[in-house]
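Accompanying notes for the structure given below.
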Amino acid sequence: GMRQAGIIAAAGLVALDTMVDRLAEDHENARVLAGELSNINGLSIEADNIQTNIVIFHIEKLPPQEFLALLAKEGIKVSHYGGDLIRMVTHYGISRSDVLRAVVAVKTVLGQG
């Protein structure tokens, strides 16, 4: 009956709240990631391209495919976004320490580790 509908609606609200918190965390992680990456020589951040949980940057020192392959060896998955653009996404299950580990991996790959 109606009572059950109320319980389902409440569950939906909880899920929504959790997702909003999650997005805030993903966004914060993306901001931290972008900030850290912007200090690394050999890549440049597209500041306009930091949307919610996506960070896009130019890779200048390595061919994108090589950069991807080296990062994959470090356990970091990123995508080629066309040209010299690389795309990183902070999503559910990515923690602040994962973000910092990704930054270390990028530095290592670019010979700044």
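Computed over heavy atoms, backbone and side chain alike; hydrogens, waters and symmetry mates excluded. Start at 1 with the first residue, then count along the sequence.
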Problem set entry | Backbone of V109 reached by a side-chain donor or acceptor of E74 within 3.5 Å |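 Not confirmed, E74 side chain does not pair with V109 backbone.
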
Problem set entry | Side-chain (T90) to main-chain (N29) donor-acceptor, under 3.5 angstrom |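 No, because the side chain of T90 does not come within donor-acceptor range (under 3.5 Å) of the backbone of N29.
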
Might you point out which heavy atoms bring [X] and [Y] nearest each other, and give the distance in Å?
X: N53; Y: H91; result: ND2-CA, 4.4 Å
X: A102; Y: I76; result: CA-CD1, 3.7 Å
X: G83; Y: P64; result: O-CG, 3.3 Å
X: I56; Y: Y81; result: CD1-CE2, 3.4 Å

Exercise. Mind checking whether V104 and L68 sit in one hydrophobic cluster, side chains of I, L, V, M, F, W, Y counted as touching below 4.5 Å?
Worked result: no

Measure the spacing between [atom1] of [X] and [atom2] of [Y] and express it to the nearest 0.5 Å.
X: L100; Y: S95; atom1: CG; atom2: OG; result: 8.5 Å
X: L110; Y: L62; atom1: CG; atom2: CG; result: 5.5 Å
X: K73; Y: T108; atom1: NZ; atom2: OG1; result: 13.5 Å

Looking at side-chain heavy atoms only, is the closest gap between [X] and [Y] below 4.5 Å?
X: I40; Y: Q112; answer: yes
X: L85; Y: H58; answer: yes
X: F67; Y: I86; answer: yes
X: K61; Y: N41; answer: yes

Problem set entry | Side chains of S44 and E60, donor plus acceptor under 3.5 Å |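 Their side chains do contain a donor-acceptor pair, which is all the 3.5 Å distance test asks for.
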
Problem set entry | Full working for side chain to side chain contact (heavy atoms under 4.5 Å, CB included) between L37 and M88 | CA-CA 11 Å; L37 289 172; M88 286 188 165; 4.0 Å; yes

For this session: Only pairs at least two apart or in different chains count here, so list each salt bridge (Lys or Arg N to Asp or Glu O under 4.0 Å) that has a residue in residues 86-113.
Result: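 Listed once each, the pairs are E28-R96.
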
